[in-house]
K.L.:
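There's a structure below that I have some questions on.
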Amino acid sequence: MVTRRLVLTGLGGTSIAALFPNAVWAAPIKPDAASALLVIDVQNCFLPGGSLAVKDGEQVVPLINRIAKGFANVVLTQDWHTAGHVSFASSHAGKKPFETVGLAYGQQVLWPDHCVQGTEGAALSKDLSIPQAGLIIRKGFHKDVDSYSAFTEADGKTTTGLAAYLKARKVKRLFLAGLATDFCVAWSALDARKAGFETYVIEDACRGIDTKGSLAKAWADMTKAGVKRIKSGDIAV
Ligand code: VGL
Ligand code: ZN
């Protein structure tokens, strides 16, 4: 089944259903008081010139700025590691970035040093323009535990407090955008579902790292968990 959302103008009396008989039409999604936008890790390290630059990562910024105008509730996240963090390949003798290592909490992908607390690389992109954002949540600041997810650290139990914050604010629907689709966006979306939120990932407002099939796996996991995959044009601003 094909699902499409769009706004058409200038068709006069032509029936849209007659033009696209196999399409299922849905109204644009209008963010409401129970909706929040979660902007994941739009930080210099993940942008061009950064130590863990995500291909075309800068392209998400104007889309996110545009979408954000429609949201009263916005939370930004910031990957925020200690120097010598356990997720850095440089912390493991003989290991290179994108290899893995077994840790107490499971397999950890190893990364170039990135998003070290207080550095320019860890700063949010200066091109983000979301003045109404109410919260910046930092994650990955425990030296021995990574946290792709904005909700729960990689040990599977330490909470960032984000779910409780959103519930206290009566948020029910979460829209995710940012970097990287297959790590911090996907893990956050999966945890959002676990916490009971209706969860949308805005595909064109995200970019992936895609190491060893990670992007396809992330989408498969998200789909299975009931995460809805939408495009920025599906949101009414
Ligand atoms: C991320 C790898 C390591 C992300 C963060 O933001 O997706 N990926 N740290
Ligand atoms: Zn990280």
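All ligand and atom numbering here is 1-based and tracks the order in the structure. Positions are given from 1, in the same order as the sequence printed here. Computed from heavy atoms alone, side chains included, the values below leave out hydrogens, waters and symmetry copies.
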K.L.:
With distance as the sole test, does S51 use its side chain to make a donor-acceptor pair with the main-chain N or O of D113 at under 3.5 Å?
P.N.:
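At least one qualifying donor-acceptor pair exists.
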K.L.:
Look only at interatomic distance and state if L179 has a nitrogen or oxygen under 3.5 Å from any nitrogen or oxygen of ligand 1.
P.N.:
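Yes, at least one N or O pair falls under 3.5 Å.
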K.L.:
Which bit of I209 gets closer than 4.0 Å to ligand 1, counting heavy atoms only: side chain, backbone, both or neither?
P.N.:
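Side chain only.
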K.L.:
Would you check whether A180 has a nitrogen or oxygen atom less than 3.5 angstrom from a nitrogen or oxygen atom of ligand 1?
P.N.:
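Yes: some nitrogen or oxygen of A180 is under 3.5 Å from one in ligand 1.
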K.L.:
For the pair K194 and D191, find out whether any cationic side-chain nitrogen is under 4.0 Å from an anionic carboxylate oxygen.
P.N.:
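Yes, charged N to carboxylate O under 4.0 Å.
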K.L.:
Pick out which of V60, D41, I209 makes a side-chain contact (heavy atoms from CB on, under 4.5 Å) with F46.
P.N.:
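When V60, D41, I209 are each tested with F46, the side-chain contact (heavy atoms from CB on, under 4.5 Å) holds only for D41.
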K.L.:
Return the residue, atom name and 0.1 Å-rounded distance of the protein heavy atom closest to atom 6 (O) of ligand 1.
P.N.:
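Sorting protein heavy atoms by distance from atom 6 (O) of ligand 1 puts D41 OD2, 2.7 Å first.
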K.L.:
Identify, for atom 4 (C) of ligand 1, the protein heavy atom at the shortest distance, and state residue, atom and that distance.
P.N.:
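Ranking protein heavy atoms by distance from atom 4 (C) of ligand 1, first comes C184 SG, 2.8 Å.
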K.L.:
State, to the nearest 10 degrees, the angle whose vertex is the Zn ion (ligand 2) and whose arms point to OD2 of D79 and NE2 of H81.
P.N.:
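Nearest ten degrees: 90°.
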K.L.:
Taking both backbone and side-chain atoms into account, decide whether H114 has an N/O/S atom under 2.8 Å from the Zn ion (ligand 2).
P.N.:
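Checking H114: at least one N, O or S atom is under 2.8 Å.
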K.L.:
Heavy-atom distance under 4.5 Å between the side chains of H85 and D146, does that happen here?
P.N.:
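They are in side-chain contact.
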K.L.:
Do NZ/NE/NH1/NH2 and the carboxylate oxygens of E198 and K228 come within less than 4.0 Å?
P.N.:
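Salt bridge: yes.
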K.L.:
Nearest protein heavy atom to atom 2 (C) of ligand 1, by residue and atom, and its distance?
P.N.:
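Looking only at protein heavy atoms, the one closest to atom 2 (C) of ligand 1 is W111 CE2, 3.4 Å.
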K.L.:
Quick one: does T119's side chain get under 4.5 Å of N44's, heavy atoms only?
P.N.:
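No. Closest side-chain heavy atoms not under 4.5 Å.
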K.L.:
Given side chains that start at C-beta, do those of H114 and F88 come closer than 4.5 Å, heavy atoms only?
P.N.:
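Of all side-chain heavy-atom pairs linking F88 with H114, at least one is under 4.5 Å.
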K.L.:
Can a non-hydrogen atom of H114 be found less than 4.0 Å from any atom of ligand 1?
P.N.:
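It does, in that a heavy atom of H114 comes within the 4.0 Å cut-off of ligand 1.
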K.L.:
So is D79 polar-close to ligand 1, meaning N/O to N/O under 3.5 Å?
P.N.:
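Min N/O separation from ligand 1 is below 3.5 Å for D79.
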